[in-house]
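Have a look at the structure below, then the notes.
Everything numeric here is computed off the predicted structure, so don't read it as measured data.
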Amino acid sequence: MRMSKLFSQTLREAPADAEIPSHKLLVRAGYIHQLAAGIFTAMPLAHRSLTKIEDIMREEINAIGGQEMSMPVIHPAEIWKRTGRWSKVGPEMGRFKDRNGRDMALAMTHEEAVVDIIKDEIQSYRQLPVLIYHIQTKWRDDPRPRAGLIRVREFTMKDSYSLDRDWDGLDRQYQDHYQAYFNIFNRCKLPVIAVESDVGMMGGNMAHEFMYLTPVGEDTLLLCEECGYKANRQIAEFQKQKPPQEKERTLEKVETPDAKTIQDLTELLEIPDRKTSKVVFMMATHLREEEEVNQLVFAIVRGDMELNETKLANAIKAKSLRPAEAEDIQAVGAVPGYASPIGLDDVLVVVDDLIPESPNMVAGANEEEYHYLNVNYGRDYEADLVADIAAAQDGDLCPHCGSPLKEVRGIEVGNIFKLGTWYSEAVGATFQDNDGQEKPVVMGSYGIGSGRLLASIVEEYNDEYGLILPISVAPYQVHLVSLGKSSGGGEVQAAAEELYQSLNAQGVEVLFDDRDESPGVKFNDADLIGVPIRLTVGARSLEKGSIEMKLRDEKERELIPEGEVLERVQKTIQKLSKEIEDRIVPVHLEE
RNA sequence: CGGGGUGUAGCGCAGAGGGCAGCGCGCCGCGUUUGGGACGCGGAGGUCGACGGUUCAAGUCCGUCCACCCCGACCA
């Protein structure tokens, strides 16, 4: 490709609305162009990189038996109504009506489309197991797209779906994906870890997320360096240390002016925050026979802990949770800042499982300026539900080995779910097993977003000058810079042109800077675009019968005799490719 | 949805107090220059986010709306 013809331009300055390196650099280097919030065009450079990433995904999924296909982006509402997700999923689903007034949906994932197919196509256990996948556009109307390609609304995802006759089969396909996913990320040179995760709107009973660890990530993870426990904060467990036993003391009401927060309270009463209980009001939405029902939830955790909303939502099986408004709270007779579970009706009280173990706590009195001392669970109040609803934090103890957990941030670049039979049962996607029984197909679903993966790679590999792409995902293998100009003697240009032709003839992917630009501009653009191998043809090196070669991630330049250039380029490509292939190692999924 | 911010040329920005819409980069033409974002001369490019109001006169003042960005909520 000649840069004089390349449909994109580099920018000297990044757009003001880009904040993180991958966003700034992808825009500056001319890879992407924004159309609207969370909606981007992949310009030719990005398209080539994305195609390479997608080809890697194809190869790895094909290798575990995947069959590529293509499912529609537009779905009739009908299939989403059958699984209940038409009403279960909120405004993040794109909906519209066709000309006849029928409800339609923009696909945000394809479980519904898959079960609709298998309902018709799969009748016998002889047709199983199957692994199907496609690489397709998804639309998720995220409330807050951000960070360039990291968090978008329209995106391309490789999503595969495993179909099995039983859970053992699902286990095998799940493990195959676990390995294939590590292979994919390794081939993209992106370091990731797999963590246990919440199943979220996908349903199912086991899930892992593949996380690229970076401070710009938006997920919080807890890791144990001792035993290897890794989990998304949404579900992370930890060992709660029981406070020492104490004799129950008498309930006592005390005046606590202006003590609306845990901190005020601990200072006023001179007690540690673990002696207090914190009430968090949430408004939960439940789905009862297609109707949304709101309910105020009173969640109580110890004052030194935070509520984990995902755990709470899972514990009470709520569709969604949001912080309650002041009116909601007052409506049930509670007093924000002085709230208490004592003497309240009409609310769902959920307490963290450490609360019943904690004697003589301080809690609100449901009266301005008053708290109770020596509140004891069981004696003074009872909850509707006792569950683990506290969020793990940095330094909490590992649920497995008791070592301190470390809190880190990450970007979710892939996920795998054991869906089980939830979807197939919902639509009657069954097959006849060899025992003659009709059974629901056992499913798994597995996704990787290609744009987010590219952005993560850029986030990991860049410097102040631009991208430094691994050869497996770079849009080109070689960036050939000609320092000659059309107006000059033409010797340099002719040599560069000849080299360009020879490299092309050998199948090397070359980006050829044939523009009438000054050397500085060309070198800067080359650094910005981030192709791994740079060849420079200039009068200086040509005099010595040589071409200069430089790798993007190294400082040294090397002069290569003209006659050896083709061979050296091929060897270098092989070397760089092998370094990446060597990253592929077997991994183990512990269950 | 709550809080904060920004909308002026492709990109980055300036335009107190109303009075001819500007600068740098980029773009076009001519010439010089050529190993790390060169220089001269000449040019093109704008519903100043939109709508409404105040005024002789609005980029600037007032109102409403929209878009985009950041934090939170939410989310694979």
Side-chain angles (χ1 to χ4, degrees), chain A residues 8-20 23-24 27-28 30 33-39 89-93 108-111 138-148 150-153 155 157-159 197-204 207-211 216 218-219 232 234 282-283 285 309-310 313 319-326 411-417 419 445-449 452-453 465-466 481-489 492-493 515-528 534 536-543 548 550 557 559:
Chain A
S8 70
Q9 59 178 344
T10 56
L11 297 178
R12 201 177 288 220
E13 296 184 78
D17 55 15
E19 290 220 333
I20 69 167
H23 187 191
K24 286 183 188 167
V27 173
R28 275 193 60 210
H33 190 271
Q34 183 166 355
L35 177 64
I39 306 179
V89 176
E92 62 267 32
M93 177 145 61
M108 46 195 303
T109 174
H110 279 77
E111 284 77 15
K138 306 281 184 273
W139 170 260
R140 292 186 193 173
D141 196 356
D142 201 280
R144 194 157 95 78
R146 50 177 285 267
I150 301 287
R151 186 159 197 80
V152 292
R153 295 191 292 169
F155 59 103
M157 181 162 97
K158 185 289 302 167
D159 42 327
S197 71
D198 182 46
V199 293
M201 73 163 187
M202 310 295 296
H208 282 86
E209 292 169 337
F210 291 79
M211 290 284 181
V216 306
E218 50 200 354
D219 281 283
N232 192 307
Q234 293 178 323
M282 302 298 294
M283 189 57 89
T285 304
E309 292 181 23
T310 306
K319 176 193 169 191
S320 65
L321 276 181
R322 62 169 171 83
E325 314 274 337
I411 295 172
E412 180 190 353
V413 289
N415 56 43
I416 56 179
F417 290 93
L419 299 176
S445 104
Y446 317 85
I448 297 179
R452 184 182 280 187
L453 179 48
Y465 304 106
V481 176
S482 166
L483 296 184
K485 281 211 168 176
S486 50
S487 53
V492 170
Q493 225 191 10
R515 298 173 300 169
D516 276 351
E517 288 288 352
S518 68
V521 170
K522 294 187 173 188
F523 289 138
N524 278 301
D525 278 350
D527 288 345
L528 189 52
R534 188 183 83 191
T536 306
V537 181
R540 201 190 275 179
S541 49
L542 223 46
E543 272 173 26
E548 179 193 288
K550 180 185 172 299
R557 305 152 181 209
L559 284 180

* Could you check whether A:A14 gets within reach of a base, just the sugar-phosphate, or nothing at all, counting any heavy atom under 4.0 Å? => sugar-phosphate
* Asked: Per the side-chain contact (heavy atoms from CB on, under 4.5 Å) rule, which among A:L453, A:I411, A:I416 passes with A:F210?
  -> A:I416
* Structure fact -> Checking N1-N3 plus N6-O4 or O6-N4 for Watson-Crick, or N1-O2 and O6-N3 for wobble, each under 3.5 Å, the partner of B:A9 is none
* A:E548 pairs by side-chain contact (heavy atoms from CB on, under 4.5 Å) with which of A:V481, A:L483, A:T536? -> A:T536
* Asked: Choosing from B:C71, B:A76, B:G10, which nucleotide comes nearest the side chain of A:R146?
  -> B:C71
* Given the P atoms of B:A16 and B:A76, what is the spacing between them in whole Å? -> 48 Å
* **Whole-angstrom distance between B:G29 and B:U54, as gauged at atom P** => 49 Å
* Asked: What's the closest nucleotide to the A:A37 side chain, out of B:A73, B:G24, B:C69?
  -> B:C69
* Asked: Of A:P145 and A:A16, whose nearest nucleotide on RNA chain B comes first from the 5' end?
  -> A:A16
* Structure fact -> Here the distance between atom C1' of B:G10 and atom NE2 of A:H33, to the nearest Å, is 8 Å
* Asked: Using atom C1' of each nucleotide, how far apart are B:G37 and B:G26 to the nearest Å?
  -> 12 Å
* **Atom-pair distance (CZ on A:R144; P on B:G5), nearest Å** => 16 Å
* Asked: Should B:A58 form a Watson-Crick or G-U wobble pair with both distances under 3.5 Å, which nucleotide is its partner?
  -> none
* Scan A:P15 against the nucleic acid and name what it touches under 4.0 Å (heavy atoms): base, sugar-phosphate only, or nothing. => sugar-phosphate
* Can you tell me how far CG of A:L528 sits from OG1 of A:T10, rounded to the nearest 0.5 angstrom? -> 6.0 Å
* To the nearest 0.5 Å, how far apart are NZ in A:K522 and CZ in A:R534? -> 12.0 Å
* To do: Mind calculating the distance between CZ (A:R153) and C1' (B:A67) to the nearest angstrom?
  => 11 Å
* Structure fact -> note: A:E218, atom CD; B:G72, atom C1'; distance rounded to Å ~ 13 Å
* About how many Å separate CD of A:E92 and CZ of A:R140, when rounded to the nearest 0.5 Å? -> 9.0 Å
* Whole-angstrom distance between B:C1 and B:A57, as gauged at atom C1' -> 41 Å
* At what distance, to the nearest 0.5 angstrom, does CD of A:Q34 lie from CD1 of A:I39? -> 8.5 Å
* Test side-chain contact (heavy atoms from CB on, under 4.5 Å) applied to A:R144 - qualifying residues, sequence neighbours left out -> A:D142, A:R146
* Is A:A147 touching bases, backbone alone, or none of the nucleic acid, heavy atoms closer than 4.0 Å? -> sugar-phosphate
* Rounded distance (nearest 0.5 Å) linking atom CG of A:D219 with atom CD of A:E209 -> 5.5 Å
* Structure fact -> Per-nt protein contacts along nucleotides 35-48 of chain B (heavy atom under 4.0 Å; B base, S backbone sugar-phosphate only, - none) come out as BBBS----------
* For A:Y446, what residues pass the ring-ring contact (aromatic ring centres under 6.0 Å, His included) criterion, not counting sequence neighbours? -> A:H177
* To do: Write down the distance separating the C1' atoms in B:G15 and B:G4, rounded off to the nearest Å.
  => 25 Å
* Short side-chain N/O contact to B:C27 OP1/OP2 from A:Q9, under 4.0 Å -> no
* How far, in whole Å, is B:C66 from B:C48 if one measures between their C1' atoms? -> 16 Å
* Atom CG of A:D142 to atom P of B:C71: distance rounded to whole Å? -> 13 Å
* C1' spacing across the pair B:A38 / B:U33, given as an integer number of angstrom -> 7 Å
* Structure fact -> From CD of A:E19 across to P of B:C68 the rounded distance in Å is 16 Å
* **Atom-to-atom span, CD1 of A:I411 to C1' of B:A76 - whole angstrom** => 14 Å
* Asked: Of A:F155 and A:G148, whose closest RNA chain B nucleotide lies nearer the 5' terminus?
  -> A:G148
* **Distance in angstrom units between A:M108 CE and B:A76 P, rounded** => 8 Å
* Identify the nucleotide, in any strand shown, that forms a Watson-Crick or G-U wobble pair with B:C1, with both distances under 3.5 Å; if there is none, say none. => B:G72
* Rounded distance in Å between the C1' positions of B:G3 and B:C61 -> 27 Å
* Structure fact -> Partner of B:G42 under the Watson-Crick or G-U wobble criteria, both distances under 3.5 Å, comes out as B:C28
* Who does B:C65 pair with, Watson-Crick or G-U, both distances under 3.5 Å? -> B:G49
